Colleague: 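My questions all concern the structure below.
Quick note: residue numbers are just sequence positions, from 1. No hydrogens, no waters, no symmetry mates; every other heavy atom, side chains included, goes into these values. Source: prediction; values computed, not measured.
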Amino acid sequence: MTTVVIVGAQWGDEGKGKIVDLLTPFSDFVVRYQGGANAGHTLVIGNEKTVLHLIPSGILHKRVKCVIGNGVVVDPEVCLSEIDGLKSRGYLSNDSELLISLNAHVVLPYHKTIDQLRESRAADSKIGTTGRGIGPCYEDKVARSGIRMCDLIDKDILRERLEAIMPEKNLYIEKILGGKSEDIGDIYKKYFEFGGRLKKYVCDTVPVLNAALLAKKKLLFEGAQGSALDIDHGTYPFVTSSTTVAAGAASGSGIGPTAIDEVIGVTKAYSTRVGSGPFPTELCDATGVWLRKNGSEFGATTGRPRRCGWLDLEALRRSKMVNGLTGLALTKLDILSGLSKINACTEYDSDGEPVYKEFAGWNKELKGVKSLSGLPKEARTYLDFIESSLGLPIKLLSLGPERDSGVILENPFQ
């Protein structure tokens with residue numbers, strides 16, 4: 001296999017960054033293809049924790065080229081902060097390791113202002129956005145009124161685009177949302193400086209990636225958020241603003257869909273969700289609190305507590321369909337250690353309520369386990385049921401946040 005797509009099979013926060021980091025040593029390119037700084041991929045190497053919002057998780061490995069594709073909306077300030085932070089710790093010593101698509105759209109201050117003002121006015125109908133301006137930026141992209149990275153690095157075009165766009169944005173902010181207008185001059189000056197610093201990374205990434213495919217290089221595509229948050233296939237309107245399913249890897253990077261060899265869906269051994277929206281297996285009891293505490297279930301981007309519940313196999317079947325999953329990466333099995341019983345939703349009844357199958361729990365600490373045979377039989381029974389219910393093999397396991405806690409059962413690149 002030369003092209004592998006990693007997607008979130010639930011509502012996001014499944015541990016995609018950890019899985020990408022685990023597979024990066026077998027890759028030549030790691031490509032982020034959608035979302036923006038509303039994502040947070042957490043990596044733990046030794047005693048050092050890294051949270052990345054825009055730069056692909058493969059950046060913590062030498063040699064690999066990391067690409068921010070055209071489907072991503074880039075907040076230049078966040079991107080530069082990540083670059084500076086990585087360089088200060090010895091990463092990204094070679095600037096050629098990072099490429100940013102010239103067609104990626106740019107998140108600007110008025111996008112964040114609109115996002116936050118809308119959410120504050122929504123009261124009980126809040127969607128639960130991160131307030132990072134992602135939705136309004138994608139709106140401008142679709143409305144053909146966005147500013148792209150190629151505009152950000154061109155002094156004259158940036159000024160022209162801001163002067164054409166911002167009067168309408170300010171009118172909307174002031175008259176409809178009751179906010180304070182933004183200053184065109186201030187934004188122009190600040191963001192052209194950002195563009196100047198990012199210019200060396202900006203290029204047409206489409207021919208780069210397609211040349212890599214022709215050369216049989218190994219490409220790893222990193223999704224953000226999760227399938228149940230997809231703009232078309234998620235729990236609308238409580239969704240994100242981009243295509244989170246595997247098809248987005250093609251449109252968000254400029255490769256053809258026939259180039260995709262394998263799609264790995266990342267799922268926790270239980271379920272979590274941040275923000276508002278349906279969550280059939282949510283546990284609003286002591287067990288839900290226990291999962292949140294033991295799983296450190298707080299958003300990497302916002303710090304918000306995640307809603308926790310049992311694994312939803314019916315939702316994963318849907319995810320299998322819309323992504324064309326060929327395998328699973330299962331994370332946080334270690335968090336279930338210590339529970340006397342574990343439930344998994346196998347289907348919904350006629351009223352839409354989850355129907356559960358109960359499994360015996362286990363007490364064994366799973367840290368340090370490197371193979372399926374090292375797991376307690378109760379854990380293996382649970383995993384076997386997941387595989388048989390979904391008709392998918394579990395190809396990777398994560399039994400802790402640390403890099404060395406990952407177990408590759410079947411390498412999708414080999």
Colleague: Is the closest side-chain heavy-atom distance between Ile114 and Ile173 below 4.5 Å?
Modeller: yes
Colleague: Measuring from Ser253:OG to Glu222:CD, what's the distance to the nearest 0.5 Å?
Modeller: 13.0 Å
Colleague: Report yes or no: does Arg273 contribute a side-chain atom to a donor-acceptor pair with the main-chain N or O of Ser276 at less than 3.5 Å?
Modeller: yes
Colleague: Take atom CD of Glu174 as the centre, draw a 6.0 Å sphere, and report whether it contains more than 12 heavy atoms from other residues, nucleotides or ligands.
Modeller: yes
Colleague: Is there a donor-acceptor contact under 3.5 Å from the side chain of Asn210 to the main chain of Gly254?
Modeller: yes
Colleague: So Phe359 and Tyr382, would you call those rings parallel, tilted or perpendicular, with 30° and 60° as cut-offs?
Modeller: perpendicular
Colleague: Residues in salt bridge (charged side-chain N to carboxylate O under 4.0 Å, His left out) with Lys268, at least two apart?
Modeller: Glu297
Colleague: Does a side chain donor of either Thr240 or Ser242 reach within less than 3.5 Å of an acceptor in the other side chain?
Modeller: no
Colleague: If you apply the rule side-chain contact (heavy atoms from CB on, under 4.5 Å), what do you find for Val369 with Asp334, and how did you get there?
Modeller: CA-CA 10 Å; Val369 172; Asp334 53 301; over 6 Å; no
Colleague: Count the heavy atoms of every other residue, nucleotide or ligand shown that sit under 6.0 Å from CZ of Arg318, and state whether that count exceeds 12.
Modeller: no
Colleague: Measure the spacing between CD1 of Ile408 and NZ of Lys395 and express it to the nearest 0.5 Å.
Modeller: 12.0 Å
Colleague: Under a 4.5 Å cut-off applied to non-hydrogen side-chain atoms, are Lys62 and Ser93 in contact?
Modeller: yes
Colleague: Has the side chain of Ser57 got a donor or acceptor atom that lies under 3.5 Å from a matching backbone atom of Asp21?
Modeller: no
Colleague: Among Arg161, Lys169, Arg148, exactly one meets salt bridge (charged side-chain N to carboxylate O under 4.0 Å, His left out) together with Asp140. Which residue is that?
Modeller: Lys169
Colleague: Check whether any side-chain heavy atom of Val106 lies under 4.5 Å from a side-chain heavy atom of Pro76, and answer yes or no.
Modeller: yes
Colleague: Is the ring pair Tyr188/Phe192 parallel, tilted or perpendicular, if the boundaries are 30 and 60 degrees?
Modeller: parallel
Colleague: Taking 4.0 angstrom as the limit, do Arg132 and Asp75 come out as a salt bridge?
Modeller: no
Colleague: For the residue pair Leu375 and Leu366, establish whether any side-chain heavy-atom pair is separated by less than 4.5 Å.
Modeller: yes
Colleague: Could you check whether Arg118 pairs with Glu139 (Lys NZ or Arg NE/NH1/NH2 to Asp/Glu carboxylate O, under 4.0 Å)?
Modeller: yes
Colleague: The criterion is side chain to side chain contact (heavy atoms under 4.5 Å, CB included); which residues satisfy it with Cys284, sequence neighbours excluded?
Modeller: Glu282
Colleague: Could you tell me whether Glu378 and Lys364 make a salt bridge, using a distance below 4.0 angstrom between a side-chain N and a carboxylate O?
Modeller: no
Colleague: What I want to find out is whether Lys190 reaches Glu193 closely enough, with some N-O distance under 4.0 Å, to be called a salt bridge.
Modeller: no
Colleague: Taking atom types as modelled, find out whether Asn94 and Ser96 have a side-chain donor-acceptor pair closer than 3.5 angstrom.
Modeller: yes
Colleague: Where the side chain of Lys367 meets the backbone of Ser405, is there a donor-acceptor pair that is under 3.5 Å apart?
Modeller: no
Colleague: Between Thr272 and Trp11, do the side chains contain an N or O donor and an N or O acceptor separated by less than 3.5 Å?
Modeller: no
Colleague: Determine yes or no for a side-chain-to-main-chain donor-acceptor pair under 3.5 angstrom, with Arg307 supplying the side chain and Gly288 the backbone.
Modeller: no
Colleague: Using a 3.5 Å distance criterion without hydrogens, assess whether the side chain of Asp351 forms a donor-acceptor pair with backbone atoms of Glu353.
Modeller: no
Colleague: State, yes or no, whether a side-chain contact exists between Leu220 and Phe413 at a heavy-atom distance under 4.5 Å.
Modeller: yes
Colleague: Around atom NZ of Lys217, are there more than 12 heavy atoms from other residues, nucleotides or ligands closer than 6.0 Å?
Modeller: no
Colleague: Just how far is it from atom NZ of Lys18 to atom CD of Glu402, taken to the nearest 0.5 Å?
Modeller: 7.0 Å
Colleague: Kindly say whether Ser27 contributes a backbone atom to a donor-acceptor pair with the side chain of Arg63 at under 3.5 angstrom?
Modeller: yes
Colleague: Donor-acceptor pair, Thr346 side chain versus Val355 backbone, under 3.5 Å?
Modeller: yes
Colleague: Looking at side-chain heavy atoms only, is the closest gap between Leu390 and Leu313 below 4.5 Å?
Modeller: yes
Colleague: Can Thr243 and Gln34 be counted as having a side-chain donor-acceptor contact under 3.5 angstrom?
Modeller: no
Colleague: Is it the case that the side chains of Gln10 and Asp312 hold a donor-acceptor pair, with the cut-off being a distance below 3.5 Å and no angle test?
Modeller: no
Colleague: Once you round to the nearest 0.5 Å, how far does CG of Leu108 lie from CG of Leu158?
Modeller: 8.0 Å
Colleague: Side chains of Asp261 and Thr2: any donor to acceptor distance under 3.5 Å?
Modeller: yes
Colleague: Evaluate the side-chain proximity of Tyr236 to Asp230: yes if any heavy-atom separation is below 4.5 Å, no if none is.
Modeller: no
Colleague: Just by distance, with hydrogens left out, do Asn170 and Tyr110 show a side-chain donor and acceptor under 3.5 Å apart?
Modeller: no
Colleague: Judged by atom type as modelled, is there a donor-acceptor pair below 3.5 Å linking the side chain of Lys370 to the main-chain atoms of Val407?
Modeller: no
Colleague: Output, in order, the C-alpha distance, side-chain angles, deciding distance and verdict of side-chain contact (heavy atoms from CB on, under 4.5 Å) for Val74 and Leu152.
Modeller: CA-CA 11 Å; Val74 178; Leu152 191 72; over 6 Å; no
Colleague: Got a donor-acceptor contact below 3.5 angstrom from the Thr281 side chain to the Trp310 backbone?
Modeller: yes
Colleague: Taking C-beta and beyond as the side chain, do Lys87 and Asp95 meet within less than 4.5 Å on heavy atoms?
Modeller: yes
Colleague: Between Leu311 and Leu316, does the side-chain contact (heavy atoms from CB on, under 4.5 Å) criterion hold? Intermediate values first, please.
Modeller: CA-CA 9 Å; Leu311 186 67; Leu316 287 175; 3.8 Å; yes
